[in-house]
Asker: 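Pasting in a structure now, in C-alpha cells, and then I'll have a few things to ask.
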Amino acid sequence: RRNVLAVTAAALMMPALIGSGFAQDKKVIRISTPANDAEWQAKGLAKFKEMVEANSPTLEVQIHLNATLFDQGTEIPAMQRGNLEVGMISPQDVASYIPEYSVFTAGYLLRDAEHMHKVYGDSEVGKEYRQRVRDDIEVEILGSQYLGTRHVILRELKDVKTPADLAGLKLRVPGSDTWQFLGKALGANPTPIAFDEVYLALSTGTVDGLENPIADMIAAKFDEVSEQLVLTGHMVAPLFFAMSSSFWDSLTDEEKKVVADAVAAQSALVDEGTLATEADGVALLESHGMTVTTPDLDAFRSHVQQEYLNSDYAKEWPAGLIDKINAL
Ligand code: KDO
C-alpha cells in the first residue's frame, strides 16, 4: 500500500524547498518611465539596477522605458493599486492629487539645479512636501534629480522676443492640467501629447513646437525635426524617484538601505550628466544646424509669473510658501 500521508507531506514541502533562495522569492521593483534609453535618466536607472542587485540577494529590478509599462502620468495610480513599485514622477503629477501644490508647477519658480535640490531636499519645504505626498498619495519620494531647464523648441524659424510672439502656436506639453496651463502662460496654444509621440507630432506638423530640457531634446533627437531653440529657461524641472509606500514598508531595513544608496547614486549620475550636456548643448545643437536664440527674458518671466499669480491655482497656494522657496 502507498503511504498516502507521506506522499502528501512530501508534495506539500516541495514548493517551499524549491522556492527558497531562488529568483521567484525575490521582491521585484518594477520601474516605469517615459524616458528613452539615450536619456541620463535611463543611464541612472541602469546604475540603480546594477547597485541594488549587486548589494541585495533579495531584490530584483525591472526597468521599463518609453512608457511601455504605464502611460506618462498614470504611474501614481498604478503604484497605488500595487501594479508598480517605482514611478519617475514630476511635481505636475503630484499637483493632480494635492491642488495647492500646483505652486511647485509655476514657471520661473526655481533658479537652478542647486536651488531645486534645496527646495526638494532637507529644507523644511522639502520635508513637508515629502510628508504630504506620503500622507495623501501613499508614495515615498526617495530622491529628486535634475531633469533640466526647459526651453521652447520650434519646428520652423520664428522671431520670438516675447510671449506675444508665441500666440497661435500649437505647443506640445504633457497631458495634465498644470502642464497645459504652463503652455498657456507662455503665450501659446497648449496641446497634450505623450512624450514618446512628440517626435512624430513634430515631423508631421501636428504641433508647431514643444518645451523641453536640452538634454532630453538631444536624447530624443527633436533637433532632427525642429529648427529653433528659444532659450526661455522657463522651468527648472525636477524628477522624483517615487516608490509605492506599501512596497517601501514591506522592505527590511537592510533592503531599504540598499535602495536608498542606489537612488542617491542614480540621482547623482543624472544630475552630473544633465548639467554636462547642458553646458555643451547649445554648441552641439548649432553644429546640427539649429538656430538658437535668446528672447526678452524679463518679458517672459513677468508675463508667465503674472499668469500664474492671476490664476485660480494661486488661490489655493499655501500662504508664504513662495517666500520660503525664494529664501532658500
Ligand atoms: C515631457 O514629457 O516633456 C517630460 O519632460 C515631462 C517630465 O515630467 C518627465 O515625465 C519627462 O518628460 C520624461 O521622464 C522623459 O524625460
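When a ligand or atom number is given, it counts from 1 through the structure's own listing order.
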Asker: Is it the case that over 12 heavy atoms from other parts of the model lie below 6.0 angstrom from the CD atom of Gln62?
Answerer: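 Counting neighbours around CD of Gln62, more than 12 heavy atoms of other residues, nucleotides or ligands fall under 6.0 Å, so yes.
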Asker: side-chain contact (heavy atoms from CB on, under 4.5 Å) with Pro163: which residues, sequence neighbours excluded?
Answerer: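 Once residues adjacent in sequence are excluded, the partners of Pro163 under the side-chain contact (heavy atoms from CB on, under 4.5 Å) criterion are Ala299, Phe300, His303.
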Asker: Who pairs with Ala194 by side-chain contact (heavy atoms from CB on, under 4.5 Å), at least two apart in sequence or on another chain?
Answerer: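 For Ala194, the residues satisfying side-chain contact (heavy atoms from CB on, under 4.5 Å) (neighbours in sequence not counted) are Gln72, Asp196, Glu197.
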Asker: Linking I/L/V/M/F/W/Y whenever any side-chain heavy atoms sit under 4.5 Å apart, do Phe70 and Met79 land together?
Answerer: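 The answer is yes; both residues are in one hydrophobic cluster.
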Asker: Under the side-chain contact (heavy atoms from CB on, under 4.5 Å) test, which residues partner Thr68, sequence neighbours left out?
Answerer: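 So Thr68 forms a side-chain contact (heavy atoms from CB on, under 4.5 Å) with His64, Asn66.
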Asker: Out of Gln145, Lys49, Lys43, Lys47, which one pairs with Gln266 under the side-chain contact (heavy atoms from CB on, under 4.5 Å) rule?
Answerer: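 Considering Gln145, Lys49, Lys43, Lys47, a side-chain contact (heavy atoms from CB on, under 4.5 Å) with Gln266 is found only for Gln145.
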Asker: Would you check ligand 1 and list the protein residues that come within less than 4.0 Å of it by any heavy atom, ordered by chain and number?
Answerer: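 Close residues (ligand 1, cut-off 4.0 Å): Thr33, Pro34, Ala35, Glu39, Gln41, Gln72, Ser90, Leu147, Arg150, Arg172, Pro174, Trp179, Phe195, Asn212, Asp216, Leu239.
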